Asker: 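So that we are looking at the same thing, I have put the structure below in structure tokens.
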Amino acid sequence: MTVRAHLAQAASGVLTWGLRHIARRPAANLPGIVGLALDPRLIADLRERIREGSVVVVGTNGKTTVTNLIADVMERAGRSVVCNRTGANLKSGVASALLHTRGADWGVIECDELWSAKVLPDLRPTYMVLLNLFRDQLDRCGEIDRIQDAIVAGLVASPETALIYNADDPLCEMVARRVAAGRAEGGEGGTPGPASVPFGVSGCMNLVQNVVADATMCQACSHMLDYEYRQYGQLGAYACPHCGFTRSPLAFQAEDVRLDARSLTFTIHDTGTVQMSRISAKLAGSYMVYNLTAVFAACVSCGCTPDEVQEAVAAFNPKNGRLQEYCVDGRRTLLNLAKNPTGFNQNLRIVGADGGPRVVAFFINSRDVDGHDISWIWDIDFEELLAQPNIQAVFAGGERRNDLQVRLKHAGVEAQLTDGIQDVFARVREMPNVAPDAAVYAIANYTALPPVHAALDRMAAAEPTCPLPQLTQLTQGTVPCVDPGTQGAVPCAHAVRIVHMLPDLLNLYGDGGNVRILANRLAWRGVPVEVREVRYGEDAHLEDADLVFIGGSPDREQRLASQQLGQMRDELAAYVEADGPVLAICGGYQMLGRTWLLDGEEVPGLGILPIETRRPGTSADRLVDDIALETDLAELPVIGYENHAGRTVLDAGVQPFGRVVSRTGSGNGAPAEGGPAADGVRFRNVVGTYLHGPLLAKNPDVADWLLARALERRAVRTGAPSPSLAPLDDAPERAANAFMAHKLIP
Ligand code: GLN
């Protein structure tokens, strides 16, 4: 060990003792932070403590569960293991785990995706397991491509590491290909490195499909992917009709999957040895099929036996709030973490698979580690809750409970605000419509989880386990796998027509929620409304449109969308000239201008708005923050969230959408001549803005301004009278607005 590493070890010893005995806190990060300050190469200096090899686990969802399970299997196989079991997965967490061990046979290390670029070259693991890549914490990561870049860089700089990856995810498949190409090109002598190990599920699991998919495009050639079937999110059997990009032949293949509300079983086919192993688990959730296949692939690659994997899986009893079961007040209670739309949707499936009486409580915070932006809650298919029988109460908790309540209101779910899980149990006790044996499902994101976890631990400590009620109904495995189609309202001759442009490409940060909000605010007033989605390859037909919505997207999707919008340019321009109302967010706003930039390349825009978008740096130089505006379209401040690389300049005399009044947020970008920052544009009846959120969630005045213009247009188009918009009860929206306005505006 180097002198610096000795120093770091000594400091870690003192800190760990102090944290555990005086502060009574786990020493999961601080020893690593201090250690790395003393020895920046600490991980490399300590890696010799791991004698046989190590496995690093990355991926958006499932890291902690998979890491713990791999460590369990290894221990069952008689190996000593160093593992950051609690999920401290930044460089400091990895360093802390190494500081806490004197030596171990294997390292099993959970690692944050962005940090893998720094950890891999130092740790040089034998394997990296890549589980999946979903949109998550985009305020920290920017766009999903950046996460891929980090993982590829880490693997190219650690050429001896073999990649075990989920080939059903086209984003992971692309990482594998880029790593192979990067290594062949010259990473350390141009050696190809060990072969990668693709795993996946063979055959459709017949799950209900979600509305938003994180990756619809082929990253090899930027065309739309075709799916034979989809499991969930972008996972499935995909192929690009243009360039042939498809998943690699699977080395470990899950087959014959059977799921119910509390357990799952499937066969894993090791296609190398042609061995078949049956895996059964008392765990719910189709995503666990992928997690367990990843565990199997990693452990068998490391020399463990299939029996050791099955034994560890059967004994797995998570105590960390992930799929943790309790008995409280005689009610079966399940706590789980969910921190992004895909994870949340999987949780809703677990709730849905239990047909008995249920209560559901959601807890959402927006602190640093959660991500400040919570617009992703609009990408969760809460609408599914409505379709589920026997849900007897729904609660919205956590610091962002007001936002959650608004989101649920738009899904047709009346959620009650709650202070915490104890309050949920107390209230449920008093509610005559809630059955005494109704199960409770608590779903929380990162920082919202520990208080719920601690409270449930306390409440359950005094109780024996609950008898398991009979399952009344299973809803899994009943729906054919098809691409999610349009879920528009019933057509009606005089319906207000809202056209949602390219929802399959332009669907970032809950932007589609704006369309839901517009449609609901008409429907709640008894005005017939029809939403028409114009998907990639379809024509717009704006002649009978009353309102057009265009959302934002990552650069890659924006590029393809702009080609398609270019074909509709004249139709869109005529619609705008005729005072047709448009709401365009971020990428959608940029494309309506004369030009926008894609990493230095100038892309022609539609030239409908008198604006231009520039980009001072790369896609990584982003304006990402909470933002509030003052506009003359709304009485309340307009609250949203921005995340973009482009900076937009308006022609002289053109009116912005609003003036930035918050401490944070830049809108169009810092004005060249100084002075207050402004956001977006107002041009005829077009509102262009950088605000996601979705914009209209907390800003009902802006929604109603657009709807009033849409009704005027319908009057001209059909001769139907243009009714005035009756007031609605916007108390939840106003509360959500006030909460953020108080935080943001000095
Ligand atoms: N890709 C564009 C940018 O980064 C727009 C991003 C967005 O719509 N959020 O500027």
Side-chain angles (χ1 to χ4, degrees), residues 135-149 212 214-217 219 222 341 371-376 378-379 500-515 549-565 582-606 609 611-627 640-650 657 665-670 677 679-681 687-697:
R135 287 182 187 166
D136 187 10
Q137 294 189 23
L138 289 184
D139 48 350
R140 190 165 69 87
C141 308
E143 298 190 352
I144 234 166
D145 296 42
R146 272 194 70 212
I147 304 175
Q148 291 175 297
D149 293 348
V212 175
D214 289 356
T216 45
M217 276 178 73
Q219 292 193 318
S222 293
H372 292 190
D373 176 20
I374 57 140
S375 42
W376 57 272
W378 288 81
D379 289 331
H500 187 174
M501 284 291 192
L502 303 177
D504 41 356
L505 287 172
L506 306 174
N507 57 12
L508 213 44
Y509 315 115
D511 284 348
N514 290 308
V515 174
F549 175 76
I550 315 177
S553 76
D555 288 346
R556 186 189 305 276
E557 283 82 358
Q558 186 171 337
R559 166 70 117 147
L560 187 61
S562 102
Q563 284 167 16
Q564 166 120 13
L565 288 173
V582 178
L583 175 61
I585 309 280
C586 202
Y589 159 51
Q590 295 173 350
M591 287 185 286
L592 290 178
R594 279 192 298 273
T595 55
W596 57 282
L597 281 188
L598 189 91
D599 275 338
E601 177 199 344
E602 201 170 295
V603 185
L606 301 181
L609 297 181
I611 62 169
E612 263 177 38
T613 295
R614 300 170 188 161
R615 191 172 275 201
T618 65
S619 163
D621 301 305
R622 308 182 75 77
L623 299 172
V624 185
D625 229 319
D626 284 306
I627 178 167
Y641 200 91
E642 62 177 329
N643 186 345
H644 53 107
R647 274 71 163 172
T648 298
V649 182
L650 314 188
F657 171 46
S666 316
N668 289 335
D679 172 75
V681 73
V687 171
T689 174
Y690 273 113
L691 272 61
H692 300 281
L695 170 77
L696 304 178

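Whatever order the structure lists ligands and atoms in, that order sets their numbers, starting from 1. Treat the numbers as computed from the prediction; the structure is a model and nothing was measured.
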Asker: Go through the side-chain N and O atoms of Y589 and N668 and say whether any donor and acceptor fall under 3.5 Å apart.
Answerer: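 Side-chain D/A pair, Y589 to N668: present.
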Asker: Heavy-atom contacts under 4.0 Å between N643 and ligand 1: side chain, backbone, both, or neither?
Answerer: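 The backbone, only.
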Asker: Roughly how far, to the nearest 0.5 Å, is CD1 of I550 from CG of L606?
Answerer: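 One finds 7.5 Å between CG of L606 and CD1 of I550.
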Asker: Under a 4.0 angstrom heavy-atom cut-off, which atoms of ligand 1 come close to L508?
Answerer: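 Result: 7 (C), 9 (N).
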Asker: I'd like to know if the side chain of T689 and the backbone of G680 have a donor-acceptor N/O pair within less than 3.5 Å.
Answerer: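 Checked: no pair found.
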Asker: Check each of E557, Q558, H644 against atom 2 (C) of ligand 1 and report the one with the nearest heavy atom.
Answerer: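 It is Q558 that holds the nearest heavy atom.
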Asker: S553 heavy atoms, cut-off 4.0 Å: which ligand 1 atoms fall inside?
Answerer: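 In order of number, 1 (N), 2 (C), 5 (C), 6 (C), 7 (C), 8 (O).
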Asker: Listed by chain and number, what are the ring-ring contact (aromatic ring centres under 6.0 Å, His included) partners of F549, not counting sequence neighbours?
Answerer: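 Partners of F549 under the ring-ring contact (aromatic ring centres under 6.0 Å, His included) test: H500.
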Asker: Taking 4.0 angstrom as the limit and counting only heavy atoms of G552, give me the atoms of ligand 1 inside it, by number and element.
Answerer: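 In order of numbering, the contacting atoms are 8 (O).
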Asker: Return a yes/no value for G646: is any of its N or O atoms, backbone included, closer than 3.5 angstrom to an N or O of ligand 1?
Answerer: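 By distance alone, the answer is yes.
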Asker: Taking 4.0 angstrom as the limit and counting only heavy atoms of Y509, give me the atoms of ligand 1 inside it, by number and element.
Answerer: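 Checking each atom against Y509, I get 9 (N).
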Asker: Non-hydrogen atoms of R622 versus ligand 1: any pair closer than 4.0 Å?
Answerer: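 Contact check R622 vs ligand 1: positive.
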